[in-house]
Amino acid sequence: MILVFIAVGIVPLTIFSLVMINTYEKRAVNDRIMELQTQENMLSNLLATTGYLATVDSPEIEAEISRLADIYNGRIIIINNNLQIIKDTYGLEQGKYLISKDVLQGFNGTTNSYRGKDKNIKITSPVTHNQSNEVVGVIIMSISTKEIESMRTSLQSTIIIFALTLAILIIVFAVYFSRSLTKPLKSVINSIERLSEGYMEEQMSVKGYTEVERISDSFNKMIIRMQKLESSRQEFVSNVSHELKTPITSIKVLADSLLMQEDTPVELYREFLVDITDEIERENKIINDLLSLVKLDKTAGDLNISSTNINELLEQILKRLRPIAKKRNVEMIFESFRPVIADVDEVKISLAISNLIENAIKYNLEDGWVRVSLNADHKYFFIKVSDSGIGIPEEAQDYIFERFYRVDKARSRETGGTGLGLSITKNVIQMHRGAIKVYSKEGEGTTFNVRIPLNYIL
Ligand SMILES: Nc1ncnc2c1ncn2[C@@H]1O[C@H](COP(=O)(O)OP(=O)(O)OP(=O)(O)O)[C@@H](O)[C@H]1O
Ligand SMILES: [Mg+2]
(Lines give C-alpha, C1' and ligand atoms only; values in the text may rest on other atoms or scores of the structure.)
(Ligands and ions follow the chains in the order given, each with its own letter.)
Protein backbone atom coordinates (compact mmCIF):
# COMPACT_ATOMS: atom_id res chain seq x y z
CA MET A 1 0.00 0.00 0.00
CA ILE A 2 2.82 2.36 0.92
CA LEU A 3 4.53 1.59 -2.37
CA VAL A 4 1.34 2.46 -4.20
CA PHE A 5 1.24 5.82 -2.43
CA ILE A 6 4.79 6.51 -3.49
CA ALA A 7 4.30 5.30 -7.05
CA VAL A 8 1.11 7.29 -7.51
CA GLY A 9 2.17 10.42 -5.66
CA ILE A 10 5.86 11.03 -5.41
CA VAL A 11 7.39 9.47 -8.50
CA PRO A 12 5.40 11.49 -11.06
CA LEU A 13 5.91 14.63 -9.01
CA THR A 14 9.65 14.14 -8.99
CA ILE A 15 9.82 13.33 -12.70
CA PHE A 16 7.74 16.38 -13.49
CA SER A 17 9.98 18.60 -11.40
CA LEU A 18 13.13 17.28 -13.03
CA VAL A 19 11.70 17.87 -16.51
CA MET A 20 10.81 21.40 -15.46
CA ILE A 21 14.38 22.00 -14.28
CA ASN A 22 15.78 20.77 -17.59
CA THR A 23 13.50 23.08 -19.54
CA TYR A 24 14.48 25.93 -17.29
CA GLU A 25 18.15 25.18 -17.85
CA LYS A 26 17.77 25.06 -21.63
CA ARG A 27 15.98 28.36 -21.62
CA ALA A 28 18.58 29.96 -19.38
CA VAL A 29 21.37 28.74 -21.69
CA ASN A 30 19.54 29.98 -24.80
CA ASP A 31 18.92 33.40 -23.22
CA ARG A 32 22.58 33.62 -22.31
CA ILE A 33 23.64 32.66 -25.86
CA MET A 34 21.41 35.32 -27.36
CA GLU A 35 22.70 37.93 -24.98
CA LEU A 36 26.27 37.02 -25.76
CA GLN A 37 25.62 37.06 -29.47
CA THR A 38 24.42 40.63 -29.22
CA GLN A 39 27.48 41.55 -27.22
CA GLU A 40 29.74 39.82 -29.73
CA ASN A 41 28.03 41.59 -32.63
CA MET A 42 28.59 44.87 -30.95
CA LEU A 43 32.23 44.03 -30.37
CA SER A 44 32.54 42.83 -33.95
CA ASN A 45 31.16 46.15 -35.22
CA LEU A 46 33.53 48.00 -32.97
CA LEU A 47 36.51 46.02 -34.23
CA ALA A 48 35.45 46.50 -37.84
CA THR A 49 34.99 50.25 -37.56
CA THR A 50 38.19 50.89 -35.61
CA GLY A 51 40.32 48.67 -37.79
CA TYR A 52 41.71 47.11 -34.63
CA LEU A 53 42.42 43.86 -36.42
CA ALA A 54 44.92 45.56 -38.71
CA THR A 55 46.66 47.75 -36.15
CA VAL A 56 46.20 45.94 -32.80
CA ASP A 57 47.04 49.13 -31.06
CA SER A 58 44.16 50.59 -29.20
CA PRO A 59 44.15 50.52 -25.41
CA GLU A 60 40.46 51.60 -25.35
CA ILE A 61 39.40 48.61 -27.38
CA GLU A 62 41.59 46.29 -25.37
CA ALA A 63 39.99 47.66 -22.22
CA GLU A 64 36.56 47.12 -23.69
CA ILE A 65 37.42 43.52 -24.58
CA SER A 66 38.76 42.84 -21.06
CA ARG A 67 35.69 44.46 -19.51
CA LEU A 68 33.39 42.25 -21.55
CA ALA A 69 35.37 39.15 -20.62
CA ASP A 70 35.23 40.17 -16.97
CA ILE A 71 31.50 40.85 -16.97
CA TYR A 72 30.76 37.41 -18.30
CA ASN A 73 33.60 35.77 -16.48
CA GLY A 74 34.77 34.26 -19.74
CA ARG A 75 37.49 34.29 -22.32
CA ILE A 76 37.63 36.29 -25.52
CA ILE A 77 39.96 35.38 -28.34
CA ILE A 78 40.38 37.47 -31.44
CA ILE A 79 41.87 36.03 -34.60
CA ASN A 80 43.03 38.00 -37.63
CA ASN A 81 42.76 36.93 -41.22
CA ASN A 82 46.10 35.12 -40.96
CA LEU A 83 44.46 32.78 -38.45
CA GLN A 84 46.76 34.22 -35.81
CA ILE A 85 45.51 34.96 -32.32
CA ILE A 86 46.03 38.67 -31.83
CA LYS A 87 44.20 38.89 -28.51
CA ASP A 88 43.50 36.34 -25.79
CA THR A 89 42.08 37.74 -22.56
CA TYR A 90 43.67 34.81 -20.75
CA GLY A 91 46.96 35.74 -22.42
CA LEU A 92 47.81 32.08 -22.97
CA GLU A 93 47.64 31.62 -26.72
CA GLN A 94 48.52 35.09 -27.93
CA GLY A 95 50.52 34.98 -31.15
CA LYS A 96 49.68 31.37 -31.86
CA TYR A 97 47.71 30.20 -34.86
CA LEU A 98 44.30 28.67 -34.42
CA ILE A 99 42.67 26.62 -37.13
CA SER A 100 39.42 24.98 -36.16
CA LYS A 101 36.17 24.17 -37.85
CA ASP A 102 34.45 27.06 -36.04
CA VAL A 103 37.13 29.52 -37.04
CA LEU A 104 37.05 28.46 -40.68
CA GLN A 105 33.28 28.69 -40.72
CA GLY A 106 33.65 32.11 -39.12
CA PHE A 107 35.79 33.23 -42.03
CA ASN A 108 33.02 32.01 -44.27
CA GLY A 109 30.72 34.45 -42.53
CA THR A 110 28.91 31.97 -40.24
CA THR A 111 28.24 32.51 -36.58
CA ASN A 112 28.48 29.35 -34.48
CA SER A 113 27.16 29.05 -30.99
CA TYR A 114 26.81 25.98 -28.83
CA ARG A 115 27.32 24.66 -25.39
CA GLY A 116 30.28 22.38 -25.21
CA LYS A 117 30.96 19.25 -23.18
CA ASP A 118 32.70 21.41 -20.57
CA LYS A 119 29.31 23.17 -20.22
CA ASN A 120 30.86 26.36 -21.55
CA ILE A 121 29.01 28.41 -24.13
CA LYS A 122 31.18 29.00 -27.11
CA ILE A 123 30.29 31.62 -29.73
CA THR A 124 32.36 32.14 -32.83
CA SER A 125 31.42 35.01 -35.10
CA PRO A 126 33.04 36.83 -38.02
CA VAL A 127 34.24 40.44 -38.05
CA THR A 128 33.14 41.85 -41.37
CA HIS A 129 34.73 44.87 -43.02
CA ASN A 130 32.22 47.65 -43.29
CA GLN A 131 32.74 48.53 -46.93
CA SER A 132 34.14 45.45 -48.62
CA ASN A 133 31.98 43.07 -46.62
CA GLU A 134 35.08 40.94 -46.37
CA VAL A 135 35.67 38.84 -43.26
CA VAL A 136 38.75 40.28 -41.64
CA GLY A 137 38.78 38.31 -38.42
CA VAL A 138 36.95 36.06 -35.98
CA ILE A 139 35.89 36.58 -32.38
CA ILE A 140 35.59 33.56 -30.07
CA MET A 141 33.82 34.07 -26.80
CA SER A 142 33.84 31.24 -24.31
CA ILE A 143 31.66 31.81 -21.29
CA SER A 144 31.21 29.53 -18.35
CA THR A 145 27.64 28.53 -17.38
CA LYS A 146 28.58 27.68 -13.81
CA GLU A 147 25.83 29.79 -12.26
CA ILE A 148 23.18 28.16 -14.37
CA GLU A 149 24.67 24.82 -13.45
CA SER A 150 24.78 25.58 -9.75
CA MET A 151 21.24 26.95 -9.85
CA ARG A 152 20.19 23.70 -11.44
CA THR A 153 21.94 21.52 -8.87
CA SER A 154 20.56 23.46 -5.99
CA LEU A 155 17.03 23.28 -7.43
CA GLN A 156 17.49 19.60 -8.08
CA SER A 157 18.62 18.86 -4.55
CA THR A 158 15.75 20.92 -3.14
CA ILE A 159 13.31 18.83 -5.13
CA ILE A 160 14.96 15.58 -4.12
CA ILE A 161 14.89 16.60 -0.46
CA PHE A 162 11.27 17.64 -0.87
CA ALA A 163 10.33 14.32 -2.50
CA LEU A 164 12.18 12.36 0.14
CA THR A 165 10.50 14.28 2.96
CA LEU A 166 7.15 13.70 1.29
CA ALA A 167 7.92 9.99 0.89
CA ILE A 168 8.87 9.70 4.54
CA LEU A 169 5.75 11.59 5.60
CA ILE A 170 3.57 9.36 3.43
CA ILE A 171 5.22 6.24 4.81
CA VAL A 172 4.74 7.43 8.37
CA PHE A 173 1.10 8.28 7.71
CA ALA A 174 0.46 5.07 5.83
CA VAL A 175 1.99 2.99 8.60
CA TYR A 176 0.03 4.91 11.21
CA PHE A 177 -3.26 4.57 9.33
CA SER A 178 -2.83 0.93 8.45
CA ARG A 179 -1.98 0.25 12.10
CA SER A 180 -5.05 2.04 13.33
CA LEU A 181 -7.14 0.20 10.73
CA THR A 182 -5.74 -3.25 11.36
CA LYS A 183 -5.38 -3.05 15.13
CA PRO A 184 -9.09 -3.46 15.93
CA LEU A 185 -9.38 -6.13 13.23
CA LYS A 186 -6.52 -8.02 14.84
CA SER A 187 -8.27 -8.02 18.17
CA VAL A 188 -11.44 -9.23 16.41
CA ILE A 189 -9.41 -12.10 14.95
CA ASN A 190 -7.93 -12.81 18.37
CA SER A 191 -11.36 -13.04 19.95
CA ILE A 192 -12.63 -15.33 17.21
CA GLU A 193 -9.60 -17.55 17.63
CA ARG A 194 -10.12 -17.67 21.39
CA LEU A 195 -13.71 -18.69 20.71
CA SER A 196 -12.68 -21.47 18.36
CA GLU A 197 -10.28 -22.67 21.03
CA GLY A 198 -13.32 -23.07 23.25
CA TYR A 199 -13.15 -19.99 25.47
CA MET A 200 -16.79 -19.04 25.23
CA GLU A 201 -16.95 -16.83 28.28
CA GLU A 202 -15.00 -13.93 26.80
CA GLN A 203 -16.82 -11.09 25.13
CA MET A 204 -15.18 -8.75 22.71
CA SER A 205 -14.58 -5.09 23.42
CA VAL A 206 -13.12 -3.37 20.42
CA LYS A 207 -13.00 0.37 20.00
CA GLY A 208 -12.44 1.58 16.48
CA TYR A 209 -14.38 2.79 13.52
CA THR A 210 -18.10 2.01 13.30
CA GLU A 211 -17.87 -1.15 11.22
CA VAL A 212 -15.49 -2.82 13.62
CA GLU A 213 -17.66 -1.86 16.57
CA ARG A 214 -20.61 -3.42 14.80
CA ILE A 215 -18.66 -6.61 14.16
CA SER A 216 -17.80 -6.65 17.83
CA ASP A 217 -21.46 -6.15 18.80
CA SER A 218 -22.66 -8.97 16.56
CA PHE A 219 -19.87 -11.16 17.85
CA ASN A 220 -20.95 -10.51 21.42
CA LYS A 221 -24.56 -11.28 20.57
CA MET A 222 -23.41 -14.55 19.03
CA ILE A 223 -21.33 -15.35 22.11
CA ILE A 224 -24.30 -14.69 24.39
CA ARG A 225 -26.44 -16.99 22.25
CA MET A 226 -23.79 -19.67 22.32
CA GLN A 227 -23.46 -19.31 26.08
CA LYS A 228 -27.23 -19.76 26.45
CA LEU A 229 -27.20 -22.79 24.16
CA GLU A 230 -24.28 -24.27 26.02
CA SER A 231 -25.86 -23.80 29.42
CA SER A 232 -29.19 -25.22 28.24
CA ARG A 233 -27.30 -28.17 26.76
CA GLN A 234 -25.54 -28.77 30.06
CA GLU A 235 -28.80 -28.45 31.94
CA PHE A 236 -30.47 -30.86 29.55
CA VAL A 237 -27.72 -33.45 29.93
CA SER A 238 -27.78 -33.22 33.71
CA ASN A 239 -31.60 -33.43 33.71
CA VAL A 240 -31.53 -36.47 31.46
CA SER A 241 -29.02 -38.29 33.60
CA HIS A 242 -30.93 -37.41 36.74
CA GLU A 243 -34.26 -38.54 35.30
CA LEU A 244 -32.78 -41.78 34.00
CA LYS A 245 -31.11 -42.53 37.31
CA THR A 246 -34.14 -42.01 39.53
CA PRO A 247 -36.15 -45.12 38.50
CA ILE A 248 -33.00 -47.25 38.52
CA THR A 249 -32.19 -46.11 42.06
CA SER A 250 -35.70 -47.05 43.15
CA ILE A 251 -35.43 -50.45 41.49
CA LYS A 252 -32.11 -51.04 43.24
CA VAL A 253 -33.53 -50.07 46.64
CA LEU A 254 -36.55 -52.33 46.14
CA ALA A 255 -34.47 -55.28 44.98
CA ASP A 256 -31.90 -54.81 47.76
CA SER A 257 -34.51 -54.75 50.49
CA LEU A 258 -36.01 -57.97 49.11
CA LEU A 259 -32.61 -59.62 49.07
CA MET A 260 -31.73 -58.53 52.61
CA GLN A 261 -34.77 -60.15 54.18
CA GLU A 262 -34.89 -63.84 54.72
CA ASP A 263 -38.09 -65.83 54.40
CA THR A 264 -39.81 -62.97 52.64
CA PRO A 265 -43.49 -63.63 52.23
CA VAL A 266 -44.68 -64.09 48.66
CA GLU A 267 -47.10 -61.16 48.99
CA LEU A 268 -44.23 -58.80 49.72
CA TYR A 269 -42.35 -60.11 46.71
CA ARG A 270 -45.42 -59.41 44.64
CA GLU A 271 -45.85 -55.93 46.02
CA PHE A 272 -42.23 -55.02 45.45
CA LEU A 273 -42.18 -56.52 41.98
CA VAL A 274 -45.23 -54.47 41.03
CA ASP A 275 -43.32 -51.39 42.21
CA ILE A 276 -40.27 -52.49 40.24
CA THR A 277 -42.38 -52.96 37.10
CA ASP A 278 -43.81 -49.46 37.60
CA GLU A 279 -40.34 -48.02 37.81
CA ILE A 280 -39.26 -49.91 34.69
CA GLU A 281 -42.29 -48.56 32.89
CA ARG A 282 -41.39 -45.06 34.01
CA GLU A 283 -37.85 -45.48 32.76
CA ASN A 284 -39.23 -46.79 29.50
CA LYS A 285 -41.50 -43.77 29.10
CA ILE A 286 -38.65 -41.34 29.74
CA ILE A 287 -36.47 -43.09 27.18
CA ASN A 288 -39.29 -43.10 24.63
CA ASP A 289 -40.02 -39.42 25.19
CA LEU A 290 -36.36 -38.56 24.90
CA LEU A 291 -36.05 -40.56 21.73
CA SER A 292 -39.00 -38.83 20.12
CA LEU A 293 -37.58 -35.43 21.14
CA VAL A 294 -34.20 -36.28 19.67
CA LYS A 295 -35.92 -37.54 16.56
CA LEU A 296 -37.90 -34.31 16.28
CA ASP A 297 -34.71 -32.28 16.63
CA LYS A 298 -32.87 -34.33 14.10
CA THR A 299 -35.55 -34.45 11.46
CA ALA A 300 -36.75 -30.89 11.86
CA GLY A 301 -38.38 -29.97 8.59
CA ASP A 302 -38.45 -33.60 7.59
CA LEU A 303 -42.20 -33.95 8.02
CA ASN A 304 -44.41 -36.58 6.54
CA ILE A 305 -47.11 -34.20 5.31
CA SER A 306 -50.44 -35.51 4.05
CA SER A 307 -53.94 -34.18 3.75
CA THR A 308 -55.55 -35.12 7.05
CA ASN A 309 -59.07 -34.95 8.40
CA ILE A 310 -58.50 -33.13 11.69
CA ASN A 311 -62.00 -33.88 13.02
CA GLU A 312 -61.37 -37.60 12.71
CA LEU A 313 -57.93 -37.27 14.19
CA LEU A 314 -59.27 -35.54 17.29
CA GLU A 315 -62.08 -38.09 17.66
CA GLN A 316 -59.51 -40.89 17.64
CA ILE A 317 -57.33 -39.22 20.27
CA LEU A 318 -60.32 -38.62 22.52
CA LYS A 319 -61.46 -42.19 22.12
CA ARG A 320 -58.05 -43.42 23.16
CA LEU A 321 -57.88 -41.13 26.22
CA ARG A 322 -61.47 -41.59 27.43
CA PRO A 323 -60.68 -44.61 29.64
CA ILE A 324 -58.05 -42.60 31.51
CA ALA A 325 -60.48 -39.74 31.98
CA LYS A 326 -63.14 -42.10 33.16
CA LYS A 327 -60.86 -43.33 35.94
CA ARG A 328 -60.87 -39.85 37.42
CA ASN A 329 -64.45 -39.24 36.39
CA VAL A 330 -63.40 -36.38 34.12
CA GLU A 331 -65.96 -35.44 31.47
CA MET A 332 -64.63 -35.18 27.90
CA ILE A 333 -66.36 -32.72 25.55
CA PHE A 334 -65.51 -32.31 21.89
CA GLU A 335 -66.97 -29.53 19.79
CA SER A 336 -66.21 -28.94 16.17
CA PHE A 337 -67.35 -25.80 14.38
CA ARG A 338 -66.64 -27.12 10.89
CA PRO A 339 -64.98 -30.01 9.12
CA VAL A 340 -61.27 -29.35 8.78
CA ILE A 341 -58.89 -30.95 6.31
CA ALA A 342 -55.27 -29.82 6.63
CA ASP A 343 -51.79 -30.70 5.38
CA VAL A 344 -50.04 -32.04 8.47
CA ASP A 345 -47.84 -34.85 9.67
CA GLU A 346 -50.62 -36.95 11.13
CA VAL A 347 -48.49 -38.97 13.57
CA LYS A 348 -46.66 -35.97 15.01
CA ILE A 349 -49.73 -33.74 15.31
CA SER A 350 -51.54 -36.59 16.99
CA LEU A 351 -48.68 -36.90 19.50
CA ALA A 352 -48.71 -33.16 20.16
CA ILE A 353 -52.45 -32.89 20.74
CA SER A 354 -52.52 -36.11 22.83
CA ASN A 355 -49.97 -34.55 25.16
CA LEU A 356 -52.20 -31.52 25.66
CA ILE A 357 -55.34 -33.54 26.34
CA GLU A 358 -53.44 -35.97 28.56
CA ASN A 359 -52.23 -33.04 30.65
CA ALA A 360 -55.75 -31.65 30.83
CA ILE A 361 -56.90 -34.97 32.28
CA LYS A 362 -53.85 -35.48 34.53
CA TYR A 363 -53.85 -32.05 36.08
CA ASN A 364 -57.59 -32.03 36.59
CA LEU A 365 -59.73 -32.48 39.61
CA GLU A 366 -61.99 -35.39 40.41
CA ASP A 367 -65.31 -34.93 38.44
CA GLY A 368 -63.82 -32.17 36.33
CA TRP A 369 -64.16 -31.60 32.60
CA VAL A 370 -61.96 -31.28 29.53
CA ARG A 371 -63.22 -29.42 26.48
CA VAL A 372 -61.58 -29.80 23.09
CA SER A 373 -62.77 -27.56 20.27
CA LEU A 374 -61.83 -27.27 16.63
CA ASN A 375 -62.31 -24.29 14.34
CA ALA A 376 -60.73 -22.84 11.20
CA ASP A 377 -60.56 -19.81 8.98
CA HIS A 378 -59.27 -19.57 5.41
CA LYS A 379 -55.65 -19.88 6.54
CA TYR A 380 -55.39 -21.68 9.86
CA PHE A 381 -57.14 -24.25 11.97
CA PHE A 382 -57.42 -23.74 15.72
CA ILE A 383 -57.53 -26.36 18.45
CA LYS A 384 -58.44 -25.29 21.96
CA VAL A 385 -57.94 -27.59 24.94
CA SER A 386 -59.52 -26.27 28.15
CA ASP A 387 -59.82 -27.94 31.51
CA SER A 388 -61.29 -27.32 34.91
CA GLY A 389 -58.06 -28.40 36.60
CA ILE A 390 -55.55 -27.09 39.06
CA GLY A 391 -54.15 -24.43 36.72
CA ILE A 392 -50.58 -23.25 36.27
CA PRO A 393 -49.13 -20.49 38.46
CA GLU A 394 -48.39 -17.33 36.51
CA GLU A 395 -44.63 -17.46 37.13
CA ALA A 396 -44.43 -21.05 35.88
CA GLN A 397 -46.22 -20.37 32.59
CA ASP A 398 -43.03 -19.18 30.90
CA TYR A 399 -41.25 -22.44 31.64
CA ILE A 400 -43.76 -25.22 31.03
CA PHE A 401 -42.57 -25.72 27.44
CA GLU A 402 -39.00 -26.34 28.57
CA ARG A 403 -37.67 -29.86 28.70
CA PHE A 404 -38.14 -31.60 32.07
CA TYR A 405 -39.92 -28.63 33.58
CA ARG A 406 -42.70 -29.59 35.98
CA VAL A 407 -44.59 -27.21 38.22
CA ASP A 408 -45.02 -29.52 41.14
CA LYS A 409 -42.35 -32.16 41.08
CA ALA A 410 -43.90 -34.34 43.77
CA ARG A 411 -47.34 -34.36 42.23
CA SER A 412 -46.04 -34.91 38.73
CA ARG A 413 -44.04 -37.90 39.89
CA GLU A 414 -47.18 -39.35 41.30
CA THR A 415 -48.86 -38.89 37.92
CA GLY A 416 -45.86 -40.33 36.12
CA GLY A 417 -44.81 -37.22 34.16
CA THR A 418 -41.31 -36.54 32.90
CA GLY A 419 -41.79 -32.91 31.92
CA LEU A 420 -41.06 -33.63 28.27
CA GLY A 421 -44.65 -33.69 26.94
CA LEU A 422 -45.14 -29.96 26.32
CA SER A 423 -41.70 -29.46 24.80
CA ILE A 424 -42.49 -32.24 22.31
CA THR A 425 -45.84 -30.58 21.60
CA LYS A 426 -44.31 -27.15 21.03
CA ASN A 427 -41.60 -28.62 18.81
CA VAL A 428 -44.13 -30.36 16.57
CA ILE A 429 -46.32 -27.26 16.29
CA GLN A 430 -43.36 -25.06 15.39
CA MET A 431 -42.29 -27.55 12.75
CA HIS A 432 -45.71 -26.99 11.19
CA ARG A 433 -45.12 -23.21 11.37
CA GLY A 434 -47.87 -22.96 13.95
CA ALA A 435 -48.11 -21.39 17.40
CA ILE A 436 -49.18 -22.43 20.88
CA LYS A 437 -50.32 -20.23 23.76
CA VAL A 438 -51.33 -20.94 27.28
CA TYR A 439 -53.92 -19.14 29.44
CA SER A 440 -54.26 -20.35 32.99
CA LYS A 441 -55.33 -19.34 36.44
CA GLU A 442 -54.26 -21.30 39.44
CA GLY A 443 -57.16 -23.27 40.90
CA GLU A 444 -59.50 -22.40 38.03
CA GLY A 445 -58.21 -24.23 34.99
CA THR A 446 -56.06 -24.03 31.93
CA THR A 447 -56.56 -23.37 28.23
CA PHE A 448 -54.07 -24.18 25.49
CA ASN A 449 -54.66 -22.50 22.12
CA VAL A 450 -53.03 -24.07 19.09
CA ARG A 451 -52.92 -22.46 15.64
CA ILE A 452 -51.61 -24.36 12.60
CA PRO A 453 -51.67 -23.37 8.91
CA LEU A 454 -54.08 -25.40 6.78
CA ASN A 455 -51.49 -25.63 4.03
CA TYR A 456 -48.00 -26.56 4.99
CA ILE A 457 -45.57 -23.75 4.30
CA LEU A 458 -42.04 -24.85 3.55
N1 LIG B 1 -53.48 -28.62 31.75
C2 LIG B 1 -52.57 -28.36 32.72
N3 LIG B 1 -53.01 -27.94 33.95
C4 LIG B 1 -52.12 -27.70 34.93
N5 LIG B 1 -50.80 -27.83 34.81
C6 LIG B 1 -50.31 -28.25 33.62
C7 LIG B 1 -51.17 -28.53 32.53
N8 LIG B 1 -50.41 -28.93 31.49
C9 LIG B 1 -49.15 -28.90 31.94
N10 LIG B 1 -49.08 -28.49 33.20
C11 LIG B 1 -47.86 -28.30 34.01
O12 LIG B 1 -46.74 -28.20 33.11
C13 LIG B 1 -45.78 -29.20 33.41
C14 LIG B 1 -45.12 -29.66 32.13
O15 LIG B 1 -46.00 -30.43 31.35
P16 LIG B 1 -45.45 -31.58 30.44
O17 LIG B 1 -46.57 -32.17 29.68
O18 LIG B 1 -44.33 -30.99 29.65
O19 LIG B 1 -44.82 -32.59 31.43
P20 LIG B 1 -45.51 -33.69 32.31
O21 LIG B 1 -46.96 -33.77 31.99
O22 LIG B 1 -45.13 -33.44 33.73
O23 LIG B 1 -44.78 -35.00 31.83
P24 LIG B 1 -45.03 -35.83 30.47
O25 LIG B 1 -46.03 -35.05 29.68
O26 LIG B 1 -43.68 -35.82 29.85
O27 LIG B 1 -45.48 -37.14 30.89
C28 LIG B 1 -46.52 -30.26 34.11
O29 LIG B 1 -45.68 -30.98 34.98
C30 LIG B 1 -47.57 -29.47 34.90
O31 LIG B 1 -47.00 -29.01 36.10
MG1 LIG C 1 -47.61 -33.99 29.95
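All ligand and atom numbering here is 1-based and tracks the order in the structure.
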How are the rings of Tyr456 and His432 set relative to one another: parallel (under 30°), tilted (30 to 60°) or perpendicular (over 60°)? perpendicular
Per-residue contact class, [X] against ligand 1 - non-hydrogen pairs under 4.0 Å:
X: Thr425; value: neither
X: Glu358; value: neither
X: Leu422; value: both

Should [X] and [Y] count as an ion pair when the cut-off is N to O under 4.0 Å?
X: Asp278; Y: Arg282; answer: no
X: Arg115; Y: Glu25; answer: yes
X: Glu147; Y: Lys119; answer: no
X: Glu193; Y: Lys186; answer: no

Do Ile140 and Asp102 have side chains that get closer than 4.5 Å, going by heavy atoms? no
Is there side-chain contact between Leu244 and Ile286, with heavy atoms separated by less than 4.5 Å? yes
Mind checking whether [X] has an N or O less than 3.5 Å away from an N or O of ligand 1?
X: Ile392; result: no
X: Arg406; result: no
X: Tyr363; result: yes
X: Phe448; result: no
X: Asn355; result: no
X: Ile390; result: no

What atoms of ligand 1 come closer than 4.0 angstrom to any heavy atom of [X]?
X: Asp289; value: 26 (O)
X: Val407; value: 11 (C), 29 (O), 31 (O)
X: Tyr405; value: 13 (C), 14 (C)
X: Lys285; value: 24 (P), 26 (O), 27 (O)
X: Thr418; value: 23 (O), 24 (P), 26 (O), 27 (O)

Testing Gln234, Gln227, Lys228 for side chain to side chain donor-acceptor pair (under 3.5 Å) with Glu230, which one passes? Gln234
Tested for side chain to side chain donor-acceptor pair (under 3.5 Å) against Ser440, the lone hit among Thr446, Thr447, Asp387 is Thr446
4.0 Å heavy-atom contact, Gly389 with ligand 1: no
Does atom CE of Met332 have more than 12 heavy-atom neighbours from other groups under 6.0 Å away? yes
Counting backbone and side chain alike, does Asn355 bring an N/O/S atom below 2.8 Å of the Mg ion (ligand 2)? no
